[in-house]
Amino acid sequence: APNRSMADDTSGLQPALQQVGGSSSSRATATASSSSSTSTQVQVCVETEAAIAAALLQRGGSSAKRRRVEIGNDQGVAGDDDGIDHGTVDGDEEDEEDEESGNCNDVDNEYFESYDDLSIHALMLGDAPRVDAYLAAIRAHKTSIEGKVVMDVGAGSGILSMLCARYGGAKCVYAIEAAPGMARLARDLVANNGLEGSVQVVEGRVEEIELPEKVDVIISEWMGFYLVHESMLESVLEARDRFLKPGGVMLPDSGKIWAAPVENEELKRHLSAISSMHGLDLSPIGEAELQRRCREPQVENVEADRLLASPCLVADLGDLRRRPVGSTKTLSADLNFVTVKGGSAAGLAFWFDVGFGPGVNLCTSPGAPATHWKQTVVYFGAFPDITPGEELTARVTLTQSATNPRQYEISIETE
């Protein structure tokens, strides 16, 4: 399944968080816990190349207003007019709808073409926690997979399909892959492993392909940065409605997004060092560098000791076997943080975890072994000081972009 690599970094998902003035309203603190679940967490740590991360983030933009941070949007301004006159009627409206549809098709074409890049798949295959979590889930659900029909949505190299066949004992696995080059490679890998009798690679988009039968299990690695970047979950939900038998299994079957305020003393020292040197005032350079960091979300490994408050739940997607198609277009939450230590609040960090039923989780929280997703940090553009025990509030909204449904506009409002 097409995925990113550490993060939803470069010309993508660009969140510009302009100066949130020196406002102390954006302060908060967090502990490194990502889930209260007692189930075993299978996690991993993998360093990724910035170039790959940038390619996965894709294009985006953002604007920030005082006490408001918005991210997302190809025009460079989150929340800008999507170009559609919502008051238009008759032929004009149809033309604009056709144009919007064409734009979405172009976005999807670029998206699938990007997953024909082998380096992205090599990165994901090198993410041991990711692969180990799926293997653990397959083994845990072997009674539901053995002798049954499985669909792998966004199969990529076919790794999950082959694991289902070899370790799950699946009778038949339909490996759905829309990128032509990867579909060919997956067929070769299936043949190399002698699994042609049980794994069938189907080239095409899951929304458009047809199968001769319903499936008992849907497995997919659909997660993007901060869980929903790339909007691949919607494709999985459509596949569920079209192909999954009643009572069928989905892997993973749950997902949560978490957030916490973080500090970045290293960044503060760097900015200070380049703003004044040998008695010269170079502050415009420091300011420009800070704004550069704020123009796009940063995908980075966040150490647990950078958290200023215990994390808050941004979104719980619940049971994915029942979540309606289209229900992830907008996710929002009012967050209330209580700081656990003093420091300078640099931004808000986002991460996720997904569950595969009792006993198996894949967690990307700070303090856990790093995965290729790392964490996504939205920087404020200022470093307000906070003290232990402060109550900090923020409203976070993730909205699917009207111009590029593969991206989300992220807004953070503080009081």
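Between Arg306 and Glu300, at least one side-chain N (NZ, or NE/NH1/NH2) sits under 4.0 Å from a carboxylate O, which counts as a salt bridge. Ion pairing between a basic and an acidic side chain is recognised when a charged N comes within 4.0 Å of a carboxylate O; Asp353 and Lys256 show no such pairing. In this structure, Glu208 does not pair ionically with Arg242, as no charged nitrogen and carboxylate oxygen lie closer than 4.0 Å.
By the salt bridge (Lys or Arg N to Asp or Glu O under 4.0 Å) test, Glu266 is found to be paired with no residue, residues two or more places apart in sequence or in another chain being considered. For Lys329, the salt bridge (Lys or Arg N to Asp or Glu O under 4.0 Å) test picks out no residue, with sequence neighbours left out. Partners of Arg269 by salt bridge (Lys or Arg N to Asp or Glu O under 4.0 Å), not counting sequence neighbours: none found. Listed by chain and residue number, nothing satisfies the salt bridge (Lys or Arg N to Asp or Glu O under 4.0 Å) test with Arg166 (two or more places apart in sequence, or in another chain).
Ile257 contributes atom CD1, which lies 6.0 Å from atom CG of Leu317 (distance to the nearest 0.5 angstrom). Rounding to the nearest 0.5 angstrom, the gap separating the CD1 atom in Ile219 from the CD1 atom in Ile145 is 6.0 Å. Considering CD1 of Ile159 and CZ of Arg130, their distance stands at 8.5 Å, rounded to 0.5 Å. Between the CG atom in Leu267 and the CZ atom in Arg293 there is a gap of 5.0 Å [rounded to 0.5 Å]. To the nearest 0.5 angstrom, Ile410 atom CD1 is 4.0 Å from Tyr226 atom OH. The NE2 atom of His141 sits 11.0 Å away from the SG atom of Cys164 when rounded to the nearest 0.5 Å.
Under a 3.5 Å cut-off, the side chain of Gln375 and the backbone N or O of Thr364 do form a donor-acceptor pair. Side chain of Ser254 to main chain of Gly355: a donor-acceptor pair is present (N/O by atom type, distance under 3.5 Å, no hydrogens or angles). Checking side-chain atoms of Asn264 against main-chain N and O of Ala346 turns up no donor-acceptor pair under 3.5 Å. Glu409 places no side-chain N or O within 3.5 Å of a backbone atom of Ser401 that could act as its donor or acceptor partner.
The only option from Ile209, Asp152, Val149 that meets the side-chain contact (heavy atoms from CB on, under 4.5 Å) definition with Tyr174 turns out to be Val149.
No side-chain donor from either of Gln400 and Thr328 sits under 3.5 Å from a side-chain acceptor of the other.
Screening residues 312-324 for salt bridge (charged side-chain N to carboxylate O under 4.0 Å, His left out), with sequence neighbours left out, gives Asp319-Arg321, Asp319-Arg322. Applying the salt bridge (charged side-chain N to carboxylate O under 4.0 Å, His left out) test to residues at least two apart or on different chains, none of the pairs has a partner in residues 189-203.
In this structure, Val153 and Trp222 have side chains that are not in contact, with every pair of non-hydrogen atoms separated by 4.5 Å or more. Contact of the Leu313 side chain with the Trp258 side chain is registered, since non-hydrogen atoms from C-beta on lie closer than 4.5 Å. Put simply, the side chain of Phe356 reaches to within 4.5 Å of the side chain of Leu362, judged on heavy atoms. At a threshold of 4.5 Å between non-hydrogen side-chain atoms, the residues Arg205 and Ser235 do not count as touching. Within the 4.5 Å cutoff, side-chain heavy atoms of Leu211 are placed close to those of Met151. With a 4.5 Å cut-off on side-chain heavy atoms, Leu227 and Leu233 do not count as touching. Taking 4.5 Å as the limit, some side-chain heavy atom of Tyr134 sits within range of a side-chain heavy atom of Pro252. Taking the side chain as every heavy atom from C-beta outward, His270 and Ile274 approach each other to under 4.5 Å.
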Show your reasoning for whether side chain to side chain contact (heavy atoms under 4.5 Å, CB included) applies to Phe380 and Thr414.
CA-CA 11 Å; Phe380 296 141; Thr414 60; 5.5 Å; no

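Nearest heavy atom pair, residue Cys312 against residue Asn336, reads SG-O, 3.3 Å. Smallest separation of non-hydrogen atoms from Gly224 and Phe352: O-CE2, 3.5 Å.
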